[in-house]
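Here's the structure we're looking at; comments come further down.
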Amino acid sequence: TVGCVVVDGQGRCAAATSTGGLMNKMTGRIGDSPLIGAGTYACDLCGVSCTGEGEAIIRGTLARDVAAVMEYKGLGLQEAVDFVVKKRLDKGFAGLIAVSNTGEVAYGFNCNGMFRGCATEDGFMEVGIWE
Amino acid sequence: MGGWAIAVHGGAGVDPNLPLERQEAAKQLLTRCLNLGIAALRGSLPAIDVVELVVRELETDPFFNSGRGSALTENGTVEMEASIMDGEGRRCGAVSGVTTVKNPISLARLVMDKSPHSYLAFSGAEEFAKKQGVELVDNSYFITEDNVGMLKLAKEANTILFDYRIPLETTCGGAMESPIVMNGLPISVYAPE
């Protein structure tokens with residue numbers, strides 16, 4: 001699975017996710033990536049893209065929950081990401097990337113590593129795999 | 001108002017014994033995609049266009065599990081899915097079960113922009129793709145040698161791999177010794193996305 005989240009200079013957020021799904025999956029199986037609110041979500045507050053164990057991401061409505069805890073609990077972006085990865089995945093394994101309309105970027109995962117890269121306008125740039 | 005920001009991912013769950021050269025290749029691809037997005041943002045492209053542009057690049061490169069290089073079904077074929085969402089107005093588009101669309105994310109974008117729906121799947125999505133004139137290729141375009149080998153290993157291990165790939169032969173032994181279990185299976189049957 002691959003994904004990208006962006007907030008542009010006007011504060012507009014967007015998210016996109018694409019995948020081949022699971023190796024050896026049954027034909028006709030649908031995972032989290034095409035499900036809005038599970039693998040992908042964007043609103044005026046943030047943009048989120050998820051990857052990992054699709055069935056756990058769907059059950060946890062992971063992407064929407066990042067936006068929801070920002071909206072209803074007033075959490076900041078990284079706090080929201082940490083909360084959702086810690087509390088919404090039950091025994092599942094997944095990771096996600098997110099941006100906020102104020103130009104922040106965040107990610108979180110509870111499995112072995114996640115291929116990710118992030119950058120902000122003030123010059124920050126990071127590409128990583130492990131913790 | 002903050003400035004722009006961008007993040008990309010290539011999948012979660014990485015075999016701890018992933019060879020360094022593959023780690024390096026992954027980082028180079030992620031860096032290339034970040035720079036593509038940064039250049040577009042500096043050119044004032046809207047966020048929705050930037051996410052589509054970057055995911056297209058990731059779909060076209062066979063390294064990660066999407067587009068070319070997608071994981072294979074139990075039948076050794078490729079069935080892809082994608083979704084896109086614009087925070088401005090919360091517009092969205094998604095596709096599932098596409099087998100000939102070169103860039104599924106762009107079809108998802110067309111579902112959002114050019115159809116009255118937010119999700120099209122399987123034959124309906126393929127019909128829509130033909131009508132919209134997006135680039136179509138044979139399913140074999142998406143299948144890589146690497147993945148044919150990994151499907152074989154997955155079948156031998158009689159498992160479905162969560163966005164992971166069987167470690168390369170060279171690393172398998174090392175991974176086999178690691179006591180780590182994920183989703184109830186030894187980490188050795190997983191490999192990085």
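Within every chain, numbering begins at 1; the chains are lettered A, B, ... in the order of the sequence lines, protein sequences first and strands thereafter. Excluded from the calculations below are hydrogen atoms, water molecules and symmetry mates; all remaining heavy atoms, backbone and side chain alike, are included.
- Other residues, nucleotides and ligands contribute over 12 non-hydrogen atoms within 6.0 Å of the CD atom of B:Glu156.
- Listed here is the closest heavy atom pair of A:Thr51 and B:Gly11: OG1-CA, 3.3 Å.
- Here A:Gly117 is the residue among A:Ala67, A:Gly117, A:Ala63, A:Gly39 with the most heavy-atom pairs under 4.5 Å with chain B.
- Contacts of A:Cys50 with chain B are made by backbone atoms alone, with heavy-atom separations under 4.5 Å and no side-chain atom involved.
- At a 4.5 Å heavy-atom cutoff, the contact between A:Val99 and chain B is made by side-chain atoms alone.
- Taken to the nearest 0.5 Å, the NZ atom of A:Lys25 stands 10.5 Å off from the CD atom of B:Glu74.
- Among the candidates A:Asp44, A:Asp122, A:Ile97, A:Leu96, the residue making the largest number of heavy-atom pairs closer than 4.5 Å to chain B is A:Ile97.
- Highest contact tally toward chain A, considering only B:Arg91, B:Arg90, B:Glu79, is held by B:Glu79 [criterion: heavy-atom pairs under 4.5 Å].
- In this structure, B:Thr73 contributes its side chain and A:Asn24 its backbone to no donor-acceptor pair below 3.5 Å.
- Residues B:Phe142 and B:Val98 fall within the same hydrophobic cluster, defined by Ile, Leu, Val, Met, Phe, Trp and Tyr side chains chained together at heavy-atom separations under 4.5 Å.
- The contact list for residues 25-52 of chain B toward chain A, using heavy atoms and a distance under 4.5 Å, reads B:Ala26, B:Lys27, B:Leu30, B:Thr31, B:Leu34, B:Asn35, B:Ile38, B:Leu41, B:Leu45, B:Pro46, B:Ala47, B:Ile48, B:Val50, B:Val51 by residue number.
- Summarising the local packing, NZ of B:Lys155 is surrounded by more than 12 heavy atoms from other residues, nucleotides or ligands at distances under 6.0 Å.
- Both A:Val69 and A:Val81 sit in one connected hydrophobic cluster of ILVMFWY residues. Membership requires side-chain heavy atoms under 4.5 Å apart, directly or through other members.
- When A:Val105, A:Leu45, A:Ile36 are compared by the number of non-hydrogen pairs under 4.5 Å with chain B, A:Ile36 comes out ahead.
- Both A:Val5 and A:Met114 belong to a common hydrophobic cluster when Ile, Leu, Val, Met, Phe, Trp and Tyr are linked at side-chain heavy-atom distances under 4.5 angstrom.
- Put simply, the side chain of A:Thr1 does not reach to within 4.5 Å of the side chain of B:Ser66, judged on heavy atoms.
- Inter-residue side-chain proximity for A:Met23 and B:Asn147 is flagged as met; some heavy-atom pair is nearer than 4.5 Å.
- Both the backbone and the side chain of A:Ile30 come within contact range of chain B, with heavy atoms under 4.5 Å apart.
- Counting heavy atoms of neighbouring residues, nucleotides and ligands inside a 6.0 Å radius, atom NZ of B:Lys130 exceeds 12 of them.
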**Prompt:** Given the rule in the side chain to side chain contact (heavy atoms under 4.5 Å, CB included) test, do B:Ile84 and A:Thr40 qualify, once you have shown the distances and angles that lead to the verdict?
**Reply:** CA-CA 7 Å; B:Ile84 191 167; A:Thr40 304; 5.9 Å; no

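- Most heavy-atom pairs under 4.5 Å with chain A, from the set B:Ala82, B:Gly87, B:Gly67, B:Ser96: that is B:Gly87.
- For chain B, the option among A:Gly47, A:Cys13, A:Ala15 with the highest count of heavy-atom pairs below 4.5 Å is A:Ala15.
- Residue with the most contacts toward chain B among A:Ala106, A:Ala98, A:Cys43, A:Gly3: A:Gly3 (heavy-atom pairs, distance under 4.5 Å).
- Residues A:Gly21 and B:Ala71 share a closest heavy-atom pair of O-CB, 3.7 Å.
- Scanning residues 116-127 of chain B against chain A with a 4.5 Å non-hydrogen threshold yields B:Tyr119, B:Phe122, sorted by number.
- Options B:Val54, B:Leu58, B:Leu72 differ in how many heavy-atom pairs under 4.5 Å they form with chain A, and the most are formed by B:Leu72.
- Between A:Phe115 and B:Phe64, the angle of the ring planes lies from 30° to 60°, which puts this pair in the tilted group.
- Linking ILVMFWY residues whenever their side-chain heavy atoms come closer than 4.5 Å, directly or via other members, places B:Val55 and B:Val8 in the same cluster.
- For the atom pair B:His9 NE2 and A:Arg116 CZ, the distance stands at 12.5 Å (nearest 0.5 Å).
- The two residues A:Cys111 and B:Gly13 come nearest to each other via the heavy atoms SG-N, 3.5 Å.
- The heavy-atom pair separating A:Gly95 from B:Ala12 by the smallest distance is N-CB, 3.8 Å.
- If you check the side chains of A:Gln10 and B:Trp4, you find no donor sitting under 3.5 Å from an acceptor.
- Formation of a donor-acceptor pair under 3.5 Å by the B:Asp86 side chain with backbone atoms of A:Ala42 is not found in this model.
- Atoms CD1 and CG, on A:Ile129 and B:Leu18 in that order, are 6.0 Å from each other to the nearest 0.5 Å.
- With rounding to the nearest 0.5 Å, the separation of OG in A:Ser18 from CZ in B:Arg56 is 11.0 Å.
- B:Val137 and B:Phe128 fall within a single hydrophobic cluster, where Ile, Leu, Val, Met, Phe, Trp and Tyr side chains are chained together by heavy-atom contacts under 4.5 Å.
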**Prompt:** What do the steps show when you test A:Thr19 against B:Glu81 for side chain to side chain contact (heavy atoms under 4.5 Å, CB included), and what is the final call?
**Reply:** CA-CA 6 Å; A:Thr19 187; B:Glu81 48 197 16; 3.5 Å; yes

